[in-house]
Engineer: 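Sharing a structure below in structure tokens format, with a few things to ask.
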Amino acid sequence: MQPDLNQIQAGINLLVNRLLPRQSVDGSWRLGFIDSGTSTDAAAIMLLQSMQVPKPKLVAALRERIELMQGSDGAWRIYPNEAPGHAAATAECYFALQFAGRTPNEPHMKRARESLQALGGLSRIESLVTKFLLAAVGQYRWPRWFPVPLTLMLLPKSAPLHFYQFSGYARVHMAPMLILGDRKPAFTLPSIIPLEPLRSESEELRLQQGSWQRHFHYKLRQLDDDRLQLHQQATDRAVSFMQARIESDGSLYSYATATILMVHSLRALGFKAEHPLIAGALQALETLLAPDWTLHGRAATLQNTTSTVWDTALISHALQAAGFSPSHPSIMRAGQFLLSRQHTKLGDWKHNVVDPEPGGWGFSNINTIHPDNDDTTAVLRAIHSLTVDVSATSRERGLKWLLAMQNSDGGWAAFERNQDNKLISWVPLDGAEDAATDPSTPDLTGRTLEYLGRFARLTTEHHFIRRAANWLYSHQELDGSWYGRWGVCYIYGTWAALTGLASVNESPQHPRIRRAVNWLHSIQHADGGFGESCGSDEVKRFVPLPTSTLVQTAWALDALIAVHETPTEGMQRACTYLLRNLPGEHLQQQSLAARYPNGAGLPGYIYTCYESYPLIWPLLALAHYRNKYSE
């Protein structure tokens, strides 16, 4: 039975009334916090306590959250249904609790230790960031040499492999990690009792070394032996690289993880806690703290970054789709805020762009040098119909920046252009495939096409749009889905691809589009909803979630709306599911349907849950359903 349009309008009104009162005075929306698990909480505790910075209330709040999120089996998880627990998360939390004053003999600490051993111990940690964070505080064995030596900083851009061929996200983490891998500090406390690694150092070296690594390392070491001053030059360059990318709040690139690694690296070089770079970084970390209302306000979490620009752009666009005029005061205030956050200076993204000009937008409130394509298209949608004087110029600059960022293969990546050197896969770094490169992805390409088609009125008759559509078809999975890098996961990628292709006038009867539609219908749950596990992101194939989620159902429904002139029975059931499960007023009362992570930060390590998503995406899908099928 097709949902009653009055019911749909009532659902839209409910979501609008949830969003409007939460707009800030400056026009932005700052909805709650980004829940990225416990990794940054643990890292912050270990940093502050190892520095003996007196922040007892802060440490206690972070410690309480970590303890509340421990599973009954003693392990910690990076997403709710991760069956065995997660070795890296468990190790981080176990040691963070020790640094926060817990002793290994306490019952929950014993369970944590036993669970970690059952997961394989420290030797099963795959996250390079975790290894460095633990090694920096003396709880993980540094290898004799880091696979990528510090002198990588000195290789020229004419070299087959150089520092700037790594992704921007990787570079801001690598610069401090190169210093740490070179200096090998151990900022521990006498009270901390370490765990014995399951592999000896000689075994670790044997597993890490290969002919390419040995040759690469030998050649650069030979330079160090011949000219010792290169070592200091490389150190200076790494420090200068970090300094040039510190935002006004003191954070490195607005990321907590990069900022924490930077502080550890500066300490390894002898910088004192009072040094302005370290003091500013610690202040920046405190601005990223947020109460975790899902735990009844009893604890705090350290966000890796904020999502102010992203949330504001998405909400403004969704409200306009729901019927708000561009001249509505709420939309006008949001637009003014977004216009004030457009980037005006060149960043690292400029390196592979001909005649680069700034004009993009970043993710967080204080991001001024690290724009991305997804935020840029989100903002451009939100300001498309604004009539203020500067909006046309801003739209033109944003569109020009976006078009300049198209990769040579026809797709779009997240942050930079043509940043997908295949030699990176040879570098023995855990997670290099996912973190060290920034290739074209179906979700970014699809979302860019959706903006260019729906708002800029471009179609596949334009050559560069045709190339992007062809890139999408060439990267479709055999089952008809697309992989989404920045969301969970195949539902997200398929939504982005289908809405993008439909917006640039690809025929809904195209065989590839029909295959994707059939795949979506095939994974729909009996209750009408859709659900996908974060485990999809690890195994790189669709893994169903037994329960439906609001956000993934909204994505699937929106994708189907884009390619159907009349609603199918499956679409009607999805719409009904949304209406029956709209989120409650209080976050802590929300079910798994609203609270399951839907953002992907780093596959197998960081998944994010946005408080805004269960409000934004159902609102957009319901508005699109009403707008298309009520005529």
Side-chain angles (χ1 to χ4, degrees), residues 14-41 44 58 61-62 64-66 68-69 78-80 249 251 254-256 284-319 330 333-334 337-338 341 362-367 375 378 486-488 534 549-552 554 581-601 606-620:
L14 183 149
L15 294 168
V16 167
N17 291 333
R18 292 274 193 273
L19 288 167
L20 276 185
R22 302 179 69 178
Q23 187 175 23
S24 300
V25 174
D26 66 359
S28 69
W29 273 273
R30 304 163 191 261
L31 270 65
F33 67 100
I34 305 176
D35 185 351
S36 299
T38 55
S39 181
T40 47
D41 301 338
L58 168 57
L62 294 173
E64 183 160 13
R65 182 173 190 265
I66 288 173
L68 288 169
M69 294 185 71
I78 57 174
Y79 54 89
D249 68 342
S251 66
S254 76
Y255 294 132
L285 292 176
E286 290 203 59
T287 67
L288 293 172
L289 286 166
D292 186 343
W293 296 112
T294 66
L295 301 173
H296 308 284
R298 296 166 55 192
T301 186
L302 182 73
Q303 302 173 99
N304 195 36
T305 187
T306 61
S307 56
T308 313
V309 171
W310 178 244
D311 280 341
T312 303
L314 293 179
I315 292 169
S316 176
H317 170 55
L319 290 174
S330 180
R333 291 200 307 273
F337 172 82
L338 293 170
R341 294 308 188 270
F363 184 72
S364 70
N365 186 43
I366 51 85
N367 184 330
D375 277 281
W486 299 97
V488 180
C534 294
T549 76
L550 277 166
V551 174
Q552 290 167 336
N581 293 276
L582 292 179
E585 186 173 355
H586 301 292
L587 184 63
Q588 62 265 33
Q589 297 173 352
Q590 292 181 15
S591 64
L592 182 65
R595 289 296 305 160
Y596 193 79
N598 293 118
I606 296 176
Y607 296 97
T608 52
C609 182
Y610 298 84
E611 184 178 345
S612 60
Y613 273 25
L615 301 172
I616 293 170
W617 300 116
L619 174 59
L620 193 65

Engineer: Whether the side chain of T312 engages the backbone of V309 through a donor-acceptor N/O pair (distance < 3.5 Å, no angle test) should be reported.
Structural biologist: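 Here the side-chain-to-backbone pair does not exist.
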Engineer: Just do the side chain to side chain contact (heavy atoms under 4.5 Å, CB included) check on V551 and Y610 with the steps written out, would you?
Structural biologist: CA-CA 10 Å; V551 174; Y610 298 84; over 6 Å; no
Engineer: According to salt bridge (charged side-chain N to carboxylate O under 4.0 Å, His left out), who are the partners of R65, at least two apart in sequence or on a separate chain?
Structural biologist: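 Listed in chain order: D35, D41, D292.
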Engineer: Is the side chain of T549 donor-acceptor paired with the backbone N or O of Q552 at a distance under 3.5 Å, no angle test?
Structural biologist: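 Indeed, once roles are kept as given, a pair shorter than 3.5 Å links the two residues.
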Engineer: Please confirm whether the backbone N or O of A290 pairs with a side-chain atom of Q303, one donor and one acceptor, at under 3.5 Å?
Structural biologist: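 Checking the backbone N and O of A290 against the side chain of Q303, no donor-acceptor pair under 3.5 Å is found.
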Engineer: About how many Å separate CZ of R333 and CG of L338, when rounded to the nearest 0.5 Å?
Structural biologist: 12.5 Å
Engineer: Give a yes or no on whether the backbone of G37 and the side-chain of Y79 come within a donor-acceptor separation of less than 3.5 Å.
Structural biologist: no
Engineer: So S330 and L20, do their side chains get closer than 4.5 Å, heavy atoms only?
Structural biologist: yes
Engineer: If every non-hydrogen atom of A378 is compared with every non-hydrogen atom of L314, which pair is closest and at what distance?
Structural biologist: CB-CD2, 4.2 Å
Engineer: Do Y607 and S36 touch side chain to side chain, with heavy atoms closer than 4.5 Å?
Structural biologist: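 No; the side chains remain at least 4.5 Å from each other.
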Engineer: What's the spacing between L19 CG and L615 CG if we round to 0.5 Å?
Structural biologist: 5.0 Å
Engineer: Side chains of Y596 and C609, heavy atoms from C-beta outward: is any pair under 4.5 Å?
Structural biologist: no
Engineer: How long is the span from the CG atom in D375 to the CG atom in N367, to the nearest 0.5 Å?
Structural biologist: 8.0 Å
Engineer: List the steps and the verdict of side chain to side chain contact (heavy atoms under 4.5 Å, CB included) for W310 and I34.
Structural biologist: CA-CA 12 Å; W310 178 244; I34 305 176; over 6 Å; no
Engineer: Would you sort out whether L319 and V16 count as a side chain to side chain contact (heavy atoms under 4.5 Å, CB included), showing the intermediate values?
Structural biologist: CA-CA 7 Å; L319 290 174; V16 167; 3.9 Å; yes
Engineer: Can you tell me how far OG of S316 sits from CH2 of W29, rounded to the nearest 0.5 angstrom?
Structural biologist: 6.0 Å
Engineer: For the atom pair CZ (R22) and CG (D311), what is the distance rounded to the nearest 0.5 Å?
Structural biologist: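 Between R22 CZ and D311 CG, I get 10.0 Å after rounding to 0.5 Å.
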Engineer: I need the minimum non-hydrogen distance between A299 and A61, along with the two atoms involved.
Structural biologist: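 Heavy-atom minimum between the residues: CB-O, 3.6 Å.
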Engineer: Check whether any side-chain N or O of S364 sits under 3.5 Å from a backbone N or O of T305 as a donor-acceptor pair, and report yes or no.
Structural biologist: no
Engineer: Just checking, is any N or O donor in the side chain of N365 or T306 under 3.5 Å from an acceptor N or O on the other one?
Structural biologist: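 N365 vs T306: no donor-acceptor pair found between side chains.
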Engineer: Quick one, W617 and L550 - any side-chain contact, counting heavy atoms below 4.5 Å?
Structural biologist: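 No, side chains not in contact.
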Engineer: Report yes if some heavy atom in the side chain of T608 is under 4.5 Å from a heavy atom in the side chain of I606; otherwise report no.
Structural biologist: yes
Engineer: Just jot down the side-chain contact (heavy atoms from CB on, under 4.5 Å) partners of T40, sequence neighbours excluded, or say none.
Structural biologist: A256, T257, L302, N304
Engineer: Which atoms form the tightest heavy-atom contact between I616 and A318, and what is the distance?
Structural biologist: O-CB, 4.2 Å
Engineer: Going through the checks in order, is the side chain to side chain contact (heavy atoms under 4.5 Å, CB included) test met by L619 and I315?
Structural biologist: CA-CA 9 Å; L619 174 59; I315 292 169; over 6 Å; no
Engineer: Closest heavy-atom contact between F33 and P291?
Structural biologist: CD2-O, 3.6 Å
Engineer: Please round to the nearest 0.5 Å and tell me the distance separating atom CG of L288 and atom OG of S251.
Structural biologist: 6.5 Å
